[in-house]
Amino acid sequence: MTDAGPAAEAPTEPQAEGRPGFEVRLDNFTGPFDLLLGLISKHEMDITEVALARVTDEFISYIRRLRESGQDWVLDEASEFLVIAATLLDLKAARLLPTGEVEDDEDIALLEARDLLFARLLQYKAFKQIAALMGRRLEEEAARYPRQVSLEPQFAALLPELIWRTSLADFAKLAAKALEPKAPKPMEVGLAHLHAPAVSVKEQAAIIAERLQDGGPLSFGALTADAADTTVVVARFLALLEMFRDAVIAFDQASPLGDLTVRWTGPERDWSTERLSEEYEDVPVPAAVPGDGPEPAEAGEEGHDD
Amino acid sequence: MTDGADAAPLPADESGADLHSLPGGPRAALEAVLMVIDEPATDVELATALDLPVAAVRTLLEELQRDYDGGSSPDDAPRGFELRSIAGGWRIFSRSDFADIVSGFILEGQTARLTQAALETLAVIAYRQPVSRARVSAIRGVNVDSVVRTLVQRGLIEDAGTDPETGGLLYRTTSYFLERLGIGNVSELPKLAPHLPGLENLADIDDSDI
Amino acid sequence: MTDGADAAPLPADESGADLHSLPGGPRAALEAVLMVIDEPATDVELATALDLPVAAVRTLLEELQRDYDGGSSPDDAPRGFELRSIAGGWRIFSRSDFADIVSGFILEGQTARLTQAALETLAVIAYRQPVSRARVSAIRGVNVDSVVRTLVQRGLIEDAGTDPETGGLLYRTTSYFLERLGIGNVSELPKLAPHLPGLENLADIDDSDI
């Protein structure tokens with residue numbers, strides 16, 4: 001690990017990565033794995049040795065310090081740190097258990113989490129070492145300059161006459177396309193497999209209205225018995241709230257936690273779902289939840305820290 | 001060359017014989033071609049240009065290489081340049097001993113150093129290619145979007161289609177990457193295994209984790 | 001070299017002595033520079049870079065010239081390249097005896113049409129000129145080095161001095177480009193679509209990304 005030091009301190013180009021603050025606070029650690037490896041090497045521990053308790057404490061205090069510094073750190077990275085911190089905490093807890101006894105699934109899960117963390121750390125360490133090799137190699141190679149001179153005039157003259165078929169308008173189109181500011185590419189979490197069809201609250205409200213007008217009071221269970229999936233159940237629930245707000249239905253509940261019965265109280269025929277707000281978006285949601293005191297207060301404190 | 005069909009067909013050996021009649025012969029002809037290339041040329045391309053068998057050209061190339069390195073010179077002094085086979089082709093480079101002197105004359109081409117993060121990302125892509133950003137992120141434990149953009153911009157990695165399963169873009173290293181690293185092929189990268197004590201089946205681990 | 005200011009000042013001849021300790025000595029150092037420069041270099045420029053007296057460099061240049069012409073080789077065979085002094089500058093060229101072979105090689109695989117990548121790069125340069133390669137790379141999101149070389153070779157763009165800030169070479173379109181496009185002046189290029197940020201604002205957008 002002795003070679004990690006100089007490599008980490010090697011002068012780097014101005015932060016092309018665009019998030020200098022975060023890296024600087026971490027003394028140039030490029031991520032949680034890097035920080036963990038740094039801590040492990042600081043204590044001269046073998047990475048495969050199960051002696052993570054001390055490292056865990058330091059890692060968590062790093063995170064605390066980050067938090068106290070109160071700056072906006074990038075959410076992705078913060079969550080990465082938290083995932084690792086949580087894993088480490090679990091591991092630390094596991095060390096408090098009687099050793100050598102694997103009793104239940106939870107113990108096994110902990111052991112697996114430990115192995116996974118080690119595996120990922122080892123892999124990261126391997127790539128870090130390779131990256132250092134690669135960096136040295138790139139630097140050595142940069143000392144060699146390839147011959148790439150422009151064509152001598154007599155050879156350039158031999159090139160076939162350029163065929164140019166691009167009109168002025170097409171050329172401008174090309175420029176416009178190339179110069180268009182590119183939106184950062186979205187993270188490539190594949191969403192293609194999540195093709196849940198959108199369920200319209202209004203459509204569901206129409207179905208409910210029809211059933212209540214035709215069949216009299218119905219329980220919530222009966223109203224949702226034919227729902228193909230949870231989204232439909234949710235949509236019908238939201239539709240009921242909407243309709244209640246519009247005062248076309250009433251709820252009856254005989255006893256606490258008993259069956260909820262819904263009955264139609266609106267006009268006979270000319271009620272229309274047009275009166276409902278678009279896709280539930282206008283339903284007023286309580287602006288602040290009074291019970292959630294501690295969190296906003298904490299956020300406020302963070303703001304003052306600097 | 002494209003007019004060859006119109007002209008009287010030349011017997012293959014006549015062209016070779018022509019070469020021998022020129023001062024310096026095939027060796028000098030090869031040097032002349034090496035003087036005008038601006039990217040590595042394969043031995044097949046060079047053999048086509050000289051109308052010589054590929055094996056003969058390969059021998060000549062190796063002779064030139066030794067010659068420039070000082071092996072065949074009377075006083076054994078190396079030349080200020082060298083002939084190297086990298087990224088699948090041959091090309092002339094200034095000798096690295098003179099980097100300081102040469103750099104004063106070269107305005108462009110020497111790009112800024114890569115950051116630690118960029119190097120690590122490049123290493124993961126080089127060994128796991130073709131690979132998606134999500135996979136690289138998982139291995140490095142951080143988001144790599146902007147680093148990947150930088151690497152593409154610098155021509156070190158490129159698009160390699162989309163992953164049929166996740167639909168994510170895949171990346172691979174370019175021939176420019178090989179050139180910058182001075183190797184002929186990705187398989188010449190140092191082996192990863194010695195850096196991974198006792199974990200031969202890591203691929204299984206990180207795959208399941210994404 | 002850059003540490004020179006911190007170190008004790010070196011007498012001019014001592015630096016020359018350093019050169020002698022390198023393999024091949026001053027002659028090889030000179031060759032290294034000559035082999036990779038694109039623009040001819042004067043003997044004064046070369047002498048400054050090598051930290052040698054101009055007269056010594058001139059002698060070395062003449063020695064190299066004879067050497068390449070076969071004068072100092074044991075079998076008197078000339079090399080495939082020659083050192084020529086044109087307009088006061090020195091540069092290595094392929095030997096003219098091999099012009100036929102070299103032109104055959106150059107024409108092989110040459111297309112008369114620009115690739116899509118070349119056209120897009122040209123479009124960016126046309127609308128952003130004068131502009132550096134690094135900037136064009138940043139805008140296009142890919143490395144454009146070889147495409148820019150092609151465009152220069154095709155006479156569509158040319159050198160427009162160096163960027164005072166970064167020191168990078170700047171490029172602009174040529175009158176041949178205007179001719180091919182059928183316009184008399186760059187100002188006749190169509191205005192870009194209104195939804196694009198004004199060209200003057202583009203700097204803010206792509207600069208952050210370089």
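Sequence lines set the chain letters: A, B, ... in the order given, protein chains first and strands last, and positions in each chain run from 1. All of these numbers come straight from a predicted model, not from anything done at the bench.
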How would you list, by chain and number, every residue that makes a side-chain contact (heavy atoms from CB on, under 4.5 Å) with C/V124, sequence neighbours excluded?
->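 Per chain and number, C/V124 pairs via side-chain contact (heavy atoms from CB on, under 4.5 Å) with A/A178, A/L179, C/R128, C/V136, C/I139, C/R140.
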Considering residues at least two apart in sequence or located in another chain, which fulfil the side-chain contact (heavy atoms from CB on, under 4.5 Å) criterion with A/S167?
->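 Expected list: A/A169, A/D170.
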Let me confirm one number: the [atom1]-[atom2] distance from [X] to [Y], rounded to the nearest 0.5 Å.
{"X": "C/F93", "Y": "A/F155", "atom1": "CZ", "atom2": "CZ", "value": "10.5 Å"}
{"X": "C/L107", "Y": "A/L159", "atom1": "CG", "atom2": "CG", "value": "6.5 Å"}
{"X": "A/L158", "Y": "C/I106", "atom1": "CG", "atom2": "CD1", "value": "7.0 Å"}
{"X": "C/Q153", "Y": "A/S150", "atom1": "CD", "atom2": "OG", "value": "7.5 Å"}

Under 4.5 Å from a heavy atom of chain A, the part of [X] involved:
{"X": "C/E39", "result": "neither"}
{"X": "C/T121", "result": "neither"}
{"X": "C/R113", "result": "both"}
{"X": "C/A99", "result": "both"}
{"X": "C/I183", "result": "side chain"}

Heavy-atom pair count under 4.5 Å with chain A, highest-scoring of C/S94, C/A126, C/G155 |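 That would be C/S94.
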State, yes or no, whether a side-chain contact exists between [X] and [Y] at a heavy-atom distance under 4.5 Å.
{"X": "C/R91", "Y": "A/V149", "result": "yes"}
{"X": "C/I92", "Y": "A/R147", "result": "yes"}
{"X": "C/I37", "Y": "A/Y145", "result": "no"}

Can you label the angle between the C/F177 ring and the A/F171 ring as parallel, tilted or perpendicular, going by 30° and 60°?
->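 Tilted.
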Looking only at heavy atoms, which two atoms of A/P146 and C/V36 are closest? And how far apart?
->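 Between these two residues, the closest heavy atoms are O-CG1, 3.8 Å.
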Main-chain N/O of A/L162 paired to C/R180 side chain as donor or acceptor, under 3.5 Å |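 Yes: the side chain of C/R180 pairs with the backbone of A/L162.
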For chain C, which of A/K173, A/Q154, A/E161 has the most heavy-atom pairs under 4.5 Å?
->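 Looking at each of A/K173, A/Q154, A/E161 in turn, A/E161 comes out on top.
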